[in-house]
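Encoded as structure tokens, the structure appears first; notes follow it.
Nothing here was measured: the structure is a model prediction, and the numbers come from that model. Naming: A, B, ... by sequence-line order, numbering from 1 per chain. Scope of the values below: all heavy atoms of this structure, side chains included, with no hydrogens, waters or symmetry mates.
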Amino acid sequence: MKVGTSGLVALLVLLSGCVPSNPDTDTFDDKSLRTAGAALSQTRTVSGLLQTSYDGRMLRPTALAQLRYSEDSLDTATGAFTELNPPSARDAQYTRLSTLLGEAGDLVAEARIAVERSEEARYPRLVDRLDALASKLERLEGRLR
Amino acid sequence: MSDAIDANLELLDRQIVDHDGAMVAKVDDVELEERDDGRLHVTALLTGPGALGPRLGGAFGNMVASTWARLAGRTEPGRVSWSSVASVGIVVTLAVDRTTVAVDGFEVWMRDRIIAAIPGSKVLPK
Amino acid sequence: MTVRHRLNDLLGMQVRYADGTDGDRVIDVRLAPGPRVPGPMAELVVDGMVVGKMRPGTLFGYDRHPTQGPWLLRQVIGFLHRHTGYLEWADVERIDWDARVVHVRRTSLRKLPPAR
Amino acid sequence: MKKLFAVALGILTAIGGFVDIGDLVTNATVGSRFGLSLAWVVVLGVVGIAVFAEMSGRVVAVSGRPTFDIVRERLGPRVGLVNLFGSMAVTLLTYTAEIGGIALALELGTSVWSYFWIPFTAAAVWVVLWRAKFNLLENAFGLLGLALLVFGVALWQLGPDWGQLWHTASTAAKPSPEPWPTYWYYAVALFGAAMTPYEVFFFSSGGIEEKWSPASIPTMRSNVLIGFPLGGTLSISIAACAAVVLLPAGIEVESLGQVALPVAVALGQLGLAVAILGFFAATFGAACATGLSVGYSIAQYLGWTWGKSVRPRDAARFHAVVLLSTLLAALVLLTTIDPILVTEFSVVFSAIALPLTYLPILIVANDPSYMGRHKNGALANTLGSIYLVIVLAASLAAIPLMIWTKVGTT
């Protein structure tokens, strides 16, 4: 049984794609790329939810449910990235992406509260800020690819 | 040679049904008896983990057989005597009702102990 | 005292030919109708044994239904089971149930007659 | 007239019942990352399941032997048992994903946390499996599942550049940023989603429940050869909606809400409500099918009485297995594991387990002692053999790809 369990553990580690906390530049760039992509995906999702809600095309329960998943997913991606110790050559990139991730987190939380309170008046402004942030993330992603 | 049967290919692991088609068990093994004519005669079909265990083989097979023996309180597997077999085809059809051969003790136990206690168990699904 | 065995004991037994060679095993047991007995069906009696290498696909039945498709499988299984042959009951000298060996009067297998 | 109704009903339920949580999530994920460059895999999978289901349906109609009877008769008890464990693990995984899917659909409709719904959905599924007759269950959810046609309407409403869509689909043009291993990983996942083993367990056991005879072969064939491909187009329309709306926005599907977003964009609140109803019906119907399949397969291997045509007390062990599986599924979900993650694993393991049941069916469909004159013709054997190779290839490639792409996340 011993071999079986150690084999299973190795498989799970491989599958979980866990990244060492002191990654080299390539691993760090790859992790940054995937984190930026995940943040972009959730930012655009929330923007879509607000836009369709504002246009009366979205159901409020669906928006609330999806907002919850988007916020969780963003928090997980952010946490997994900011806990890394970046190689010195990547300090600027680390700071830049961490800032964008922080802004994204705040904006998504703001969006959740707005939808919770059905404050449709605030949606257009939030959508613009979310889209602006998404473009920055997209540019960063483009540079990393 | 037309009605010869290859036991492994056409008898073992076949479904046994009773005379009105109710499912009874699988042919988990076949009992062979040495007769004075020196030949091996098929005298019964054997069913249940007591018969299936040895065919699974290895530690797992033994575990299946011994666990069942402990639960059932006997080592002899379920036995359907050859005289109650009506035909052997895609399935083995009995000439009798399944309660006559009484090989599904576990089914009866599960029915009386658990399933019968759940409301609606006696009602035909609508 | 009636001596009873299980078919599973017979399946897989080593076959030892008259010249002492072995290596083949009992793959299947052919049953034929025997004496009339109480009950709807005549009693079945062991009439012969299908013998060969214990390789996967014994239960696919390709050796006994040679025309069975599909072509791809027939070639693969046919190749695996090219040694399969047959022994009539008369060819069996004795069955040693404890050592799990079937002692045979012949030095080679008969050609396998299809079951149907 | 009654015959026509039965045929139409059969086709409609085949369409509605075709899509499950695995199809929903995998097609939307693939659409949002690869556009339609993997659509050919859905076509391959749909033709595959049609060939496989037609064979097993014919075997049931002629010999009365459903899948796991045959698996044991043709592979022997030992290999048959390994097959049973493998297939049951996958079917239980899919059953868990389906029940989780129902809870997710209810969450989208009510915004109430999905884990709150799980005990109720598991209980509701079990009550249906305990009381409802087989064809009531199949028809009700099959027809309700047609709500997913809303994705086709949404796609039409979005007015995409059809030429460009057709171009990516026909040339399998992979978007540049996605690496090839991930492309092939999702090809296997899509193939597993389309050719899930439980669909054949349920389809063939259903043949016994509905007492098919050789006379039912034409109706069965129409269900399979018309219903399944149309069901497949539903999957492709889900992927296409994701490709048109989510891919350009860089949204990668990770939750059911994102799958429904394109419908809201295209059709607004009514369309979204119909889509959520479709999610609910598809996952509930599939939960019933997978729940029963666990019971069917174990009962058929061991020779127990099984089925919905007898009173529960006359199939005590069968119902005990169904009850136990439902409890197990609910417990796994209550560990707050994400049903979408469970779904991703279930479709890949479906691809791995598929050859185990595909091979025996292909063999028995050719066995004259089972099939008589209804045995496989040249076409069925040609397609059958081709798919045997494809199914084996997908099964062997699944785990290496899963490790190489870290479950498709790279």
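- Both the backbone and the side chain of D:Leu75 come within less than 4.5 Å of a heavy atom of chain C.
- For D:Arg78, the CZ atom counts as loosely surrounded, since its 6.0 Å shell holds 12 or fewer non-hydrogen atoms of other residues, nucleotides or ligands.
- Annotation: salt bridge (charged side-chain N to carboxylate O under 4.0 Å, His left out) contacts involving residues 350-374 of chain D, sequence neighbours excluded, comprise D:Arg74-D:Asp367.
- By a heavy-atom distance cut of under 4.5 Å, not one residue of residues 349-358 of chain D is near chain C.
- Heavy-atom proximity under 4.5 angstrom to chain C picks out nothing from residues 213-231 of chain D.
- Between the CD1 atom of C:Ile77 and the CD1 atom of D:Ile363 there is a distance of 6.5 Å, given to the nearest 0.5 Å.
- Every pair tested for ring pair (Phe, Tyr, Trp, His ring centres under 6.0 Å) that includes a residue from residues 32-59 of chain C fails, sequence neighbours excluded, so the list is empty.
- In this structure the side chain of D:Asn366 reaches within 4.5 angstrom of the side chain of C:Pro70, judged on heavy atoms.
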